[in-house]
Protein chains: 2
Amino acid sequence: MLPEEILTNDHEQLARFAKALGHPVRVYIMELLSNQTCCFSGDLAEDLPIARSTLSQHLKELKAAGLIQGTIEAPKIRYCINRENWEKATRLFGQLFQSTPKINDECK
Amino acid sequence: MLPEEILTNDHEQLARFAKALGHPVRVYIMELLSNQTCCFSGDLAEDLPIARSTLSQHLKELKAAGLIQGTIEAPKIRYCINRENWEKATRLFGQLFQSTPKINDECK
DNA sequence: AATATATTTCGTATTTTTGCGAAATATGAA
DNA sequence: TTCATATTTCGCAAAAATACGAAATATATT
């Protein structure tokens, strides 16, 4: 038996996903990608008030967290959601938010 | 009419919540608080492998994001979830994750 | 008032994040 | 091969996050 870990892999994984979503631009991108299958970096760059290199970094971070993936469609790159991890994130966040905390008078 | 904002208040708010959840210790705390109504900082400090001052900072951050609130119960402090904002977070994350992205062959 | 307990704030150091423009890379078209 | 387009990486700077121990604060108890 392993020693009881307080901080589990799920905690770590959820924190990683949450951190990746911890910037409005990245929330915007994930929202977009979860509604319309894919998009090009250029389309985002036109809408968003940030430099292309900055956008690129945000995309990189989402990719590092496993939330998106890119496929070359020269000369562009098509970005899509990583369905498997998105579902994992859906499950983990869903778990966290599933239980409505009980009302507690001491805490007004 | 205001100019169409790309990054909305909801994006900002969700990012703020996500950022607050972007650390395993804070995920652990919120998970705990969403299951059992309240807890004391000391109880957390005993379980978690971090200094009390570090824990205090994490709690402060969760409080700043509006996810928890503390009430003095001297000499301890009882921390509880902020139900209103937790529900807001539940709604915002729920919205983000509600739509399962369509399968897309180009993105294997 | 003095003591003990619980927690936070302060000061500091290190690491990470965020952002930009310039330069580099990759690829299709001429 | 050269040119044009799309995107990323690099180099830098500024800001924020993370962590710790020591000191400060707050409050109940003696």
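None of the values given here were measured: they were computed from a predicted structure. Residue numbering restarts at 1 for every chain, and letters A, B, ... go by the order of the sequence lines.
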Is [X] near enough to [N] that one of its side-chain N or O atoms lies under 4.0 angstrom from OP1 or OP2?
X: A:Arg52; N: C:dA22; value: no
X: A:Lys76; N: D:dT5; value: no
X: B:Ser56; N: C:dT8; value: yes
X: B:Thr54; N: D:dC20; value: yes
X: B:Ser53; N: D:dC20; value: no
X: A:Arg78; N: D:dT7; value: no
X: A:Lys19; N: C:dT16; value: no
X: A:His58; N: C:dT17; value: no

Could you state the [atom1]-[atom2] distance from [X] to [N], rounded to the nearest angstrom?
X: B:Glu61; N: C:dT17; atom1: CD; atom2: P; value: 13 Å
X: B:Leu55; N: D:dG21; atom1: CG; atom2: P; value: 14 Å
X: B:Lys60; N: D:dC20; atom1: NZ; atom2: C1'; value: 15 Å
X: A:Tyr79; N: D:dA6; atom1: OH; atom2: P; value: 15 Å
X: A:Arg26; N: C:dT16; atom1: CZ; atom2: C1'; value: 12 Å
X: B:Glu73; N: D:dT27; atom1: CD; atom2: P; value: 13 Å
X: B:Ile68; N: C:dT8; atom1: CD1; atom2: C1'; value: 13 Å
X: B:Ile77; N: C:dT7; atom1: CD1; atom2: C1'; value: 6 Å

Along DNA chain C (nearest heavy atom to each residue), the more 5'-positioned of A:Gly22 and A:Ile72: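 Mapping each residue to its closest nucleotide by heavy atoms, the 5'-most match is A:Gly22.
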Candidate nucleotides D:dG21, C:dG19, D:dT18, ranked by approach to the side chain of B:Ala51 - the nearest: D:dG21
Base D:dA17 paired with B:Gln57 side chain (donor-acceptor, <3.5 Å): no
Ion pair B:Glu87/B:Arg91, N-O distance below 4.0 Å: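 So B:Glu87 does not pair with B:Arg91 through a salt bridge.
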Side chain B:Ser56, main chain B:Arg52, donor-acceptor under 3.5 Å: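 Checking the backbone N and O of B:Arg52 against the side chain of B:Ser56, no donor-acceptor pair under 3.5 Å is found.
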Minimum heavy-atom distance B:Met30-B:Ile81, with the two atoms named: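 Answer, listing the atom of B:Met30 first, then B:Ile81: CE-CG1, 3.5 Å.
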Output field: ring centroids A:Phe93/A:Phe17 closer than 6.0 Å: no
Whether B:Trp86 and A:Phe97 hold their rings parallel, tilted or perpendicular, with breakpoints at 30° and 60°: tilted
Nearest-nucleotide comparison on DNA chain D, the residue closer to the 5′ end among B:His23 and A:Asp43: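 That would be A:Asp43.
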